[in-house]
Amino acid sequence: SQAVNAYYSLGSELETELNQTEPQEPARSGDQDKPKQTKKDLRKPRPILPQSNNIMTALQNTSPASSAASAKVHVENDNPAGKPIPQAVLVYHESAHSIVFRDHLRRQQSAIRRTASAMENSNHPVPSDRQLRRHDSPVPVSDVTPAPSRAPSTIMEATTEYDASESDVGYESGGSRGSTHSVRSGYSARSLGENGSVASGGSDGRGRDRRTRGGLPKPLKKKSSSISSVQPVVIANFQPVIEPLESLDLTSSNVFEALLDSDPLKEDVTLEMSDAEMEAVELLKKEKAVVKTIRNADWTSFLQKFKPREGGGSGTHDRHPAHRQQAESNGKTGGDCPFNSFVTSTSILPSYGKKMRCFGSTKEYAIGVIFAMPQAFPNDATEDDAAKRTRTWSWPSGYSAKTEFNIDHHGNLINGREEALVPLSGMRKMNHSYLHNTDYIVGGRMVKGGLTTIPYNECYIRVGALGRISCGVDVVSGRKCDDADGSGRSFDHGIGLPIALFVREADYGHLVQLLRTRARYGAIFGSNAARGIPLLFITPEHGVRVFTENLQCQVLKKMSWELNPFQNPSLAYRTVIDNTSEPHLQQKLEELLDLDDDKMKQVLTPEEMARIAGGFGATDESVANLLNDARQLDTTDEKNGSG
């Protein structure tokens, strides 16, 4: 906008002079060969120059004589009264090319206001506006020093002509980013010429030249002419042009090879697994656990289903679709069920999670959860009876049940879904044949020679009600939960919160997403519920791999030194300054990593944790504690050094 104002002010002769390298003689009134421009011609809109750097380069190649000649033409042709018209002032801000931190600009404007206020409160008399207009003299264009093409200095010049106010936001809006002639930028700093002339700018309305009826600019009024000196305001660590860091060695698509070797079945591999990790692996081995993949965009709604609506209250027991005709829920609420319970579709994988793929693509359904099934049944027949009584439905591999669309208003399965049901014991027998037989049935048809990957099966089971139970103990409350006496998991009330999280790809992008999902788990259910939760890697080809705490620390080390930072792809364009939705911003806050973990502090240095916080995000509290520890360390070192 500043370049456009200057271009309007210079008039039509500037277009001719910009293309010439030698100065020309000013136009004389006796010249009849050249057509004389009228006021109407000067009012015509001028084409906007694509880059204000071109104007600066042209003005540097234009001599003062030609500039004075163009000014004379303006006076003679468009000012019959002979009143002097001040020369145009060219404005150019290189900082419009970069994104500047708002707090730096606010601090700069505050410093400018303080400096201007101190100078105005001096003992010098302040003349009136009429005296200022009487003594104003035009500023020649040649006196204005063009801004260099490099980034400006960190010293911001403050003058009394700058009228800063609280409405100056001090940052570029999304629509004007990267534009040199945007009218939406709120940045209106001053730059000082070599000969003391001031180039004024700003696109908020106050810094623009006001125009008279003839279309020519009207000079701005000075607020004080008694102040002749300009004091620089230095902003510490102010960097108008943000230079990106050099690219690191690893990207989100690189595979973390060490995770592929963490096979719990290999005897020659020593894995330092926790009790919770060993329990999760054992449940997958015995097929006593169900898994569920969650769409990347559905994690918020899925996790929120477990939380009671009233804080601190008891969870509700949502009705089974088969009981939708009942007026009230078929379960009871109380202190023993702190979370909501509901039925959802899951899968029972073959032993160690081998050969069967989970629901959805690995890109759209990148992360999944693992639930433990009740363990109190003495045999398979007892378990099948309990599942049938509670309508814990299950269908074999390759069968698309689509339960939500195949239940009538009486709660009965329709369209052959009830005839296709298979008991839980039958599901495990099929899984065994997939691993050890050559020919087996998939989707009701015999497959000769078998398949490399088996489609998922479906188990419609009630989850929630209880918290995360590990080794028979609630990890948050410490209460013992026994499935046999009814204080633990059950098909009736629910099988609790997920006992583990798993990822379906071993690259750094998915592993970081897994760490962020664990952070969301802790943000919703509490940090104690997420502490020590097993993280696994499950694929049909490799089966289960354990992402142990030792491997997690290795990934965190690589995140701090070798991995290029990246955002959650689903949030990258939904949490910017000018386009932020509240749900996505809340998700971004929940995904922030917690650096206060004791085991993380044991293996990572403060610098490495600071790098992770800057590159991938960390909670405000953990970053504040990190900075506080650094300050205390510096204070201790200073005392020891001085002593």
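Values reported hereafter were calculated over all heavy atoms of this structure, with side chains retained and with hydrogens, waters and symmetry mates removed.
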Mind checking the CG-CG spacing from Leu497 to Leu466? Nearest 0.5 Å is all I need.
-> 8.0 Å
If you measure from the Lys or Arg side-chain nitrogens to the Asp or Glu carboxylate oxygens, is any gap between Glu591 and Arg518 under 4.0 Å?
-> no
Do Asn568 and Ser570 have side-chain N/O donor and acceptor atoms under 3.5 Å apart?
-> yes
Who passes ring-ring contact (aromatic ring centres under 6.0 Å, His included) against Tyr352, sequence neighbours left out?
-> none
Between Asn254 and Asp507: side-chain donor-acceptor atoms closer than 3.5 Å | no
Would you find more than 12 non-hydrogen atoms of other residues, nucleotides or ligands less than 6.0 Å from Glu582 atom CD?
-> no
Any idea which heavy atoms bring Asp384 and Leu424 closest together, and the distance?
-> OD1-N, 3.4 Å
Regarding Arg631 and Asn628, is there a side-chain donor-to-acceptor distance under 3.5 Å anywhere?
-> yes
Before accepting this row, confirm whether a basic side-chain N of the pair Glu458/Arg417 lies closer than 4.0 Å to the acidic partner's carboxylate O.
-> no
Phe502-Phe537 aromatic ring centre distance below 6.0 Å = no
Any pair counted as ring pair (Phe, Tyr, Trp, His ring centres under 6.0 Å), so long as it reaches residues 562-589, sequence neighbours left out = Phe566-Phe616
Below 6.0 angstrom between ring centroids: does that apply to Phe491 and Phe377?
-> yes
Any luck finding a side-chain donor-acceptor pair between Lys480 and Ser487 under 3.5 Å?
-> no
What closest approach, in Å, do Phe547 and Gln552 show between heavy atoms, and which atom pair accounts for it?
-> O-NE2, 2.9 Å
Flag the pair Arg545 and Asp263 as a salt bridge only when some basic side-chain nitrogen lies within less than 4.0 angstrom of an acidic carboxylate oxygen.
-> yes
Should we say atom NZ of Lys354 is surrounded by more than 12 heavy atoms from elsewhere, each under 6.0 Å from it?
-> no
So which heavy atom on Leu248 is nearest to which on Glu562, and how close?
-> CB-O, 3.2 Å
Less than 6.0 Å separating the ring centroids of Phe306 and Phe339?
-> no
